[in-house]
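Report on the following structure.
Whatever order the structure lists ligands and atoms in, that order sets their numbers, starting from 1. Only heavy atoms go into these numbers, but all of them, side chains included; no hydrogens, no water, no symmetry mates. In this text the structure is predicted, and so the values were computed from the model without any measurement.
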Amino acid sequence: MDIDAGDERWEVIAPSALPLDDGWLTPSAMTMDDIARVRGEFVDAARRALDAGFRIIELHMAHGYLLQTFLSPLSNRRDDEYGGSLAGRMRFPLEVAAAVRGAIGERVPLFVRISSVDGIEGGWTLDESVELAAALKDAGVDVIDCSSGGNSPKGATNASLKRGPGFQVPFAERIRAETGILTQAVGLIRDGAFAESVLREGRADLVAVGRQFLFDPFWGLHAAYEGGLDPDFEAWPQSYGWWLEKWDKGIRASQGGSG
Ligand SMILES: Cc1cc2nc3c(=O)[nH]c(=O)nc-3n(C[C@H](O)[C@H](O)[C@H](O)COP(=O)(O)O)c2cc1C
């Protein structure tokens, strides 16, 4: 068997036997047995996550992972009931969502991360995401987490989109407005005031922040302070929050504020 970087290759499966690009492994097209088995494996994984203490389940239907490859016409060329029309391409992801909802009960929040668009000609569109979100809502999903891209050899979230602050917020906004499902906005949300405006303007129900937390692990505390939500540093570790409160009041007093 070929060895790459010390790991043995595992068998790759996908909706259709299409490599992502020249030189990539060619997966085998999933059989009906594969589809039933993987659906069960999603259910098992969700149960393990709850047993391990997680309180929200998020299904990954984005970024070139298996369920997205069923959705996108770029990677799903099946001619059975799991491909073809939008309904066919959505069938397996919807079955997984319904099976997971059935297994975790009504009270555990169920999120689904989607690639709102492939960002590639001939690929998955925002109109299709609206249809998918409505169907996921009917299957018992609570929140659509609106990312994009990834069904491409160029990278996990690659899509030909102009990237600026909140560039994926319009996806969350449209899906929320047209289906009534809760949405989560993500992608280049860097300051608390902007995050707050996304929520207040009803463009999304939740915002997610990634790399800004790598840059500033206290981002949430700083955003709460700057937004006037935590003026007394009560959200900070108590062992030094009490001192930051004195420090802050001292600075304000020295500047002639009410302190
Ligand atoms: C180090 C790193 C690892 C990531 N891993 C994942 C992942 O496993 N699954 C996923 O859906 N997104 C992953 N992402 C993408 C983030 O969830 C997020 O969508 C993206 O970084 C955009 O948000 P941001 O601009 O706030 O960072 C990762 C991002 C970073 C920086």
Side-chain angles (χ1 to χ4, degrees), residues 5 7 10 12 14 20 38 41-42 45-46 48-49 52 54-72 74-75 92-93 96-97 100 109-120 123-124 126 128-129 132-133 136 141-176 181-199 201 203-224 226-227:
D7 295 328
W10 62 88
V12 185
L20 195 58
V38 173
E41 287 171 349
F42 271 101
R48 281 197 302 276
F54 289 96
R55 292 161 65 189
I56 293 173
I57 299 293
E58 177 156 318
L59 293 170
H60 214 314
M61 298 191 186
H63 301 174
Y65 285 103
L66 182 71
L67 296 180
Q68 192 215 355
T69 62
F70 268 84
L71 294 171
S72 172
L74 298 174
S75 41
F92 182 48
V96 168
V100 168
L110 180 59
F111 289 33
V112 170
R113 172 162 274 206
I114 64 167
S115 284
S116 309
V117 296
D118 270 330
I120 299 170
W124 178 258
L126 186 56
E128 290 178 306
S129 284
L132 174 66
L136 287 169
V141 169
D142 299 303
V143 178
I144 306 293
D145 174 7
C146 302
S147 188
S148 65
N151 201 6
S152 143
K154 291 191 186 142
T157 57
N158 189 274
S160 58
L161 296 174
K162 196 164 178 309
R163 282 162 195 263
F167 71 106
Q168 294 174 142
V169 173
F171 303 146
E173 184 173 11
R174 184 170 156 206
I175 290 169
R176 181 180 194 270
I181 198 167
L182 303 178
T183 59
Q184 173 164 292
V186 64
L188 290 181
I189 295 171
R190 298 187 60 200
D191 71 87
F194 177 64
E196 185 70 11
S197 74
V198 169
L199 300 176
E201 289 165 18
R203 305 181 72 197
D205 301 277
L206 295 159
V207 291
V209 175
R211 289 163 295 182
Q212 198 66 27
F213 266 104
L214 300 181
F215 180 69
D216 171 12
F218 281 175
W219 183 85
L221 294 170
H222 292 153
E226 283 155 15

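- Residue contacts with ligand 1 do not include Gln212, since none of its heavy atoms lies under 4.0 Å from the ligand.
- At least one N/O-N/O distance between Arg211 and ligand 1 falls below 3.5 Å.
- Side chain of Gln184 to backbone of Leu206: no donor-acceptor contact under 3.5 angstrom is found.
- Taking both residues in full, the closest heavy atoms of Gly149 and Ser115 are given as O-OG, 2.6 Å, listed atom of the first, atom of the second, then distance.
- Checking only distances, Leu214 never comes within under 3.5 Å of ligand 1, N or O to N or O.
- Not a single heavy atom of Ala62 sits under 4.0 Å from any atom of ligand 1.
- Residue contacts with ligand 1: Arg113 is placed with a nitrogen or oxygen under 3.5 Å of a nitrogen or oxygen of the ligand (distance criterion only).
- An N or O contact shorter than 3.5 Å links Gly210 to ligand 1 by distance.
- Between Trp219 and Phe213, the angle of the ring planes goes over 60°, which puts this pair in the perpendicular group of the 30/60° scheme.
- For the pair Asp191/Glu226, no side-chain contact is recorded, criterion being any heavy-atom separation below 4.5 Å from C-beta on.
- At a threshold of 4.5 Å between non-hydrogen side-chain atoms, the residues Ile189 and Gln212 do not count as touching.
- Put simply, the side chain of Asp142 never gets that close to the backbone of Phe111: no donor and acceptor are under 3.5 Å apart.
- At a threshold of 4.5 Å between non-hydrogen side-chain atoms, the residues Leu188 and Arg211 count as touching.
- With ligand atoms numbered from 1 in the order given, ligand 1 contributes 10 (C), 11 (O), 12 (N) to contacts under 4.0 Å with heavy atoms of His63.
- Below 4.0 Å from some heavy atom of Gly187 lie the following atoms of ligand 1, by number and element: 22 (C), 23 (O), 25 (O).
- Each of the atoms 9 (N), 10 (C), 11 (O) of ligand 1 lies under 4.0 Å from some heavy atom of His60.
- Only the backbone of Val209 comes within 4.0 Å of ligand 1, counting heavy atoms alone; no side-chain atom from C-beta on gets that close.
- Judged by the shortest distance from any of its heavy atoms, Arg190 lies outside the 4.0 Å radius around the atoms of ligand 1.
- The one candidate from Val143, Ile175, Val141 that meets the side chain to side chain contact (heavy atoms under 4.5 Å, CB included) condition with Leu182 is Val143.
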